[in-house]
Asks: 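Please see the structure below; I have some questions.
As the structure is a computational prediction, the values presented were derived from the model and not from experiment.
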Amino acid sequence: MSSSKVLQEFDDLFRESVGRMCVSDAPMGAFVSGGIDSSLIARYAVDQTEDIKLFTANVLGKHSEYKDALLLSKSLDKKLFDYKYEKEMALKNWASLTWHYESPIVVLFNAIPFSGVSKLAREHKVKAVLTGEGADELFLGYPKLLTKRYDSFIKLLFEILNKLYGFIPKLRSYVTNTGGSQDLVGLFHDASNNFSNELTFQEKAAVYDFVPKNKRDEHLLSSCMLQDDIVTLLWRNDRMGMIHSIESRFPFLDEDLIAFSMNLPSKYKIGRTWKFHNYKHPFLIDKYLVRKLAEDKLPKSLVEKRKNGFPLHGLRDIYVKPSFFENGTVSEILQLDRRKITYMCENKNNYLISLLASVEIWAKLFIEKKTIATVDQLILEHIRIE
């Protein structure tokens with residue numbers, strides 16, 4: 001099939017998907033970040049429903065993408081409603097949102113401003129919103145998917161050395177500082193995820209037996225990432241939206257679009273250019289088909305904008321005092337007294353300490369049965385964000 005026919009089929013499927021998801025007897029909204037995925041959805045939605053409202057999280061400071069979201073709203077001639085998010089709000093809302101999340105907030109800390117945008121939409125009488133989740137997983141928007149085919153070249157030297165060291169195991173252990181204890185750390189990490197990645201990969205391997213071996217890993221990785229990442233994102237959107245009775249809808253995750261993308265050769269998903277595109281993949285263009293579709297529909301700067309995720313001050317910017325863990329669930333499980341807790345907080349990576357703090361917050365709410373107000377007070381007294 002020619003590139004033009006592929007683009008036309010994508011256009012038709014996407015338009016139909018957005019149209020179906022705009023069906024509502026209440027005002028519709030769209031969450032826009034200024035990124036290409038949500039912007040493209042808003043573009044198609046405006047063509048199909050006149051009263052759609054645009055909402056964005058205006059993360060104040062260096063991470064703000066408000067200018068891009070505003071550019072989109074002006075190009076669509078639609079008013080943009082913004083939820084102004086300051087980094088201190090993370091500490092103020094951490095406990096209450098963990099309560100609704102029902103698990104530690106350790107993967108998507110941006111769930112906190114996401115909840116604020118949902119609240120804003122509800123205040124404007126919106127009941128359902130369109131969001132851009134799914135495009136990166138389906139159309140190779142993540143660098144690790146985009147460059148997967150070059151892994152063997154990038155890792156060639158390591159593989160050669162690894163095989164040489166394999167003849168002398170003790171030498172490999174000495175040079176690479178790996179061994180039984182290090183392998184155990186990896187085992188604990190995999191077990192904490194219930195071996196879900198490994199089991200998913202194993203279960204899907206048989207499904208792709210018909211794919212040539214040199215292409216199989218790419219299909220498997222894409223499929224597994226789609227399942228794992230989308231489940232996490234949908235959990236965030238559902239939990240943080242439903243706090244305010246907001247239903248999220250996902251045009252990129254329409255059944256027909258998923259089938260289309262999963263059967264689409266990667267040459268339509270990855271573009272090539274002589275211009276510098278992204279430092280993670282300098283001459284490769286991610287989500288090429290999505291960008292081609294957007295070329296005559298969105299401002300050029302949004303079409304060419306590189307993926308930023310949902311940037312904000314997060315767990316890496318949070319610092320926890322040792323006193324927060326004292327007499328808590330984490331210290332009890334790890335058998336840490338005050339001296340050891342102090343050593344941990346003063347000497348270990350603050351991101352890892354913040355992850356433990358998120359687990360501690362969850363434990364205080366669901367195991368120790370403390371009130372949200374009590375945990376709020378503990379957070380404000382013993383944790384800071386910079």
Asks: Looking only at heavy atoms, what is the nearest atom pair of Pro322 and Ile341, with distance?
Replies: O-CG2, 3.4 Å
Asks: Among all residues two or more places apart in sequence or in another chain, which pass the ring pair (Phe, Tyr, Trp, His ring centres under 6.0 Å) test with Phe81?
Replies: Phe55, His124
Asks: Can you measure from OG (Ser248) to CG (Asn237) and round to the nearest 0.5 angstrom?
Replies: 4.5 Å
Asks: Of all heavy-atom pairs between Ala57 and Pro113, which one has the smallest distance, and what is that distance?
Replies: CB-CB, 4.4 Å
Asks: Grab the two heavy atoms, one from Pro251 and one from Leu257, that are nearest each other, plus how far apart they are.
Replies: O-CD1, 3.2 Å
Asks: For the ring pair Phe10 and Phe139, is the centre-to-centre distance below 6.0 Å?
Replies: yes
Asks: Which ring-ring contact (aromatic ring centres under 6.0 Å, His included) pairs, counting each pair once, include a residue from residues 317-357, with sequence neighbours left out?
Replies: none
Asks: Closest approach of Trp94 and Ser358, non-hydrogen atoms and distance?
Replies: NE1-OG, 3.5 Å
Asks: So, Lys287 and Asp37, do they make that salt bridge, N to O below 4.0 Å?
Replies: yes
Asks: If we only count heavy atoms from C-beta on, is the Glu247 to Met242 side-chain gap below 4.5 Å?
Replies: yes
Asks: Are there over 12 heavy-atom neighbours, none belonging to Asp77, within less than 6.0 Å of that residue's CG?
Replies: no
Asks: Measure the shortest side-chain to side-chain distance between Thr371 and Val375 over non-hydrogen atoms and say whether it is less than 4.5 angstrom.
Replies: no
Asks: List the residues meeting side chain to side chain donor-acceptor pair (under 3.5 Å) with Ser245, not counting sequence neighbours, and say none if there are none.
Replies: none
Asks: With distance as the sole test, does Ser115 use its side chain to make a donor-acceptor pair with the main-chain N or O of Ile112 at under 3.5 Å?
Replies: no
Asks: Heavy atoms, side chains only, cut-off 4.5 Å: are Thr329 and Glu368 in contact?
Replies: yes
Asks: How many angstroms lie between CG in Leu312 and OG in Ser64, if you round to the nearest 0.5 Å?
Replies: 11.5 Å
Asks: Salt-bridge test for Glu360 and Lys364: reply yes if a basic N is under 4.0 Å from a carboxylate O, no otherwise.
Replies: yes
Asks: Would you call the rings of Tyr101 and Trp235 parallel, tilted or perpendicular, where under 30° means parallel and over 60° means perpendicular?
Replies: perpendicular
Asks: From Glu9 CD over to Leu289 CG, what is the distance, rounded to the nearest 0.5 angstrom?
Replies: 10.0 Å
Asks: Less than 4.5 Å apart, any side-chain heavy atom of Thr131 and any of Val129?
Replies: yes
Asks: Would you tell me whether Asp51 and Thr49 have side-chain atoms, one donor and one acceptor, within less than 3.5 Å of each other?
Replies: yes
Asks: Indicate the atoms forming the closest heavy-atom contact of Leu298 with Leu40, along with that distance.
Replies: CD1-N, 3.9 Å
Asks: Can you name the residues that form a side chain to side chain contact (heavy atoms under 4.5 Å, CB included) with Lys74, not counting sequence neighbours?
Replies: Leu70
Asks: Do any N or O atoms from the side chain of Glu102 and from the backbone of Arg239 form a donor-acceptor pair under 3.5 angstrom?
Replies: no
Asks: Taking Ser75 for the side chain and Leu72 for the main chain, is one N or O donor matched with an acceptor at less than 3.5 Å?
Replies: yes
Asks: Does some side-chain heavy atom of Leu380 sit less than 4.5 Å from a side-chain heavy atom of Leu91?
Replies: yes
Asks: Taking atom NZ of Lys119 as the centre, does the number of heavy atoms from other residues, nucleotides or ligands within less than 6.0 Å exceed 12?
Replies: no
Asks: When rounded to the nearest 0.5 angstrom, what distance separates CD in Glu16 from CG in Asp11?
Replies: 9.5 Å
Asks: Under a 4.0 Å threshold between the charged nitrogen and the carboxylate oxygen, would Arg236 count as salt-bridged to Glu133?
Replies: yes
Asks: Side chain to side chain contact (heavy atoms under 4.5 Å, CB included) with Lys67: which residues, sequence neighbours excluded?
Replies: none
Asks: Between His313 and His63, how do the two ring planes meet: parallel, tilted or perpendicular, split at 30° and 60°?
Replies: perpendicular
Asks: Does any N or O in the side chain of Thr374 come within less than 3.5 Å of the main-chain N or O of Lys370, such that one atom is a donor and the other an acceptor?
Replies: no
Asks: With under 30° as parallel and over 60° as perpendicular, where do the rings of Phe14 and Phe252 fit, or are they tilted in between?
Replies: tilted
Asks: Given 3.5 Å as the limit, does a donor-acceptor pair link the side chain of Ser118 with the main chain of His244, or not?
Replies: no
Asks: List for me each residue that meets side chain to side chain donor-acceptor pair (under 3.5 Å) alongside Asp317, sequence neighbours excluded, and say none if there are none.
Replies: none
Asks: Quick one: do Arg384 and Glu386 make a salt bridge, cutoff under 4.0 Å?
Replies: yes
Asks: Test your reading of the model: is there a side-chain donor-acceptor pair from Ser354 to the backbone of Leu315, 3.5 Å cut-off?
Replies: yes
Asks: In this structure, are over 12 heavy atoms from other groups packed under 6.0 Å from Asn327 atom CG?
Replies: no
Asks: Please check if the number of heavy atoms outside Lys127 that lie under 6.0 Å from its NZ is greater than 12.
Replies: no
Asks: Is it true that, when you exclude Arg20 itself, more than 12 heavy atoms of the residues, nucleotides or ligands shown sit nearer than 6.0 Å to its CZ?
Replies: yes
Asks: Looking at CG of Leu60 and CE of Met89, how far apart are the two atoms once the value is rounded to the nearest 0.5 Å?
Replies: 7.5 Å
Asks: Do side-chain atoms of Glu326 reach the backbone of Arg338 as a donor and acceptor pair under 3.5 angstrom?
Replies: no
Asks: Could you give the distance from CD1 (Ile372) to CD1 (Ile361), rounded to the nearest 0.5 Å?
Replies: 12.0 Å
Asks: Has the side chain of Lys269 got a donor or acceptor atom that lies under 3.5 Å from a matching backbone atom of Leu138?
Replies: yes
Asks: Please name the pair of heavy atoms, one in Met344 and one in Leu336, separated by the smallest distance, quoted to 0.1 Å.
Replies: SD-CD1, 4.1 Å
Asks: Would you confirm whether Ser39, through its side chain, and Gly35, through its main-chain N or O, come within 3.5 Å as a donor-acceptor pair?
Replies: yes
Asks: Side chain of Lys369, backbone of Phe366: donor and acceptor closer than 3.5 Å?
Replies: yes
Asks: Assess whether a salt bridge exists between Glu65 and Lys305, defined as any Lys/Arg side-chain N lying under 4.0 Å from an Asp/Glu carboxylate O.
Replies: yes
Asks: Salt-bridge test for Asp82 and Lys84: reply yes if a basic N is under 4.0 Å from a carboxylate O, no otherwise.
Replies: yes
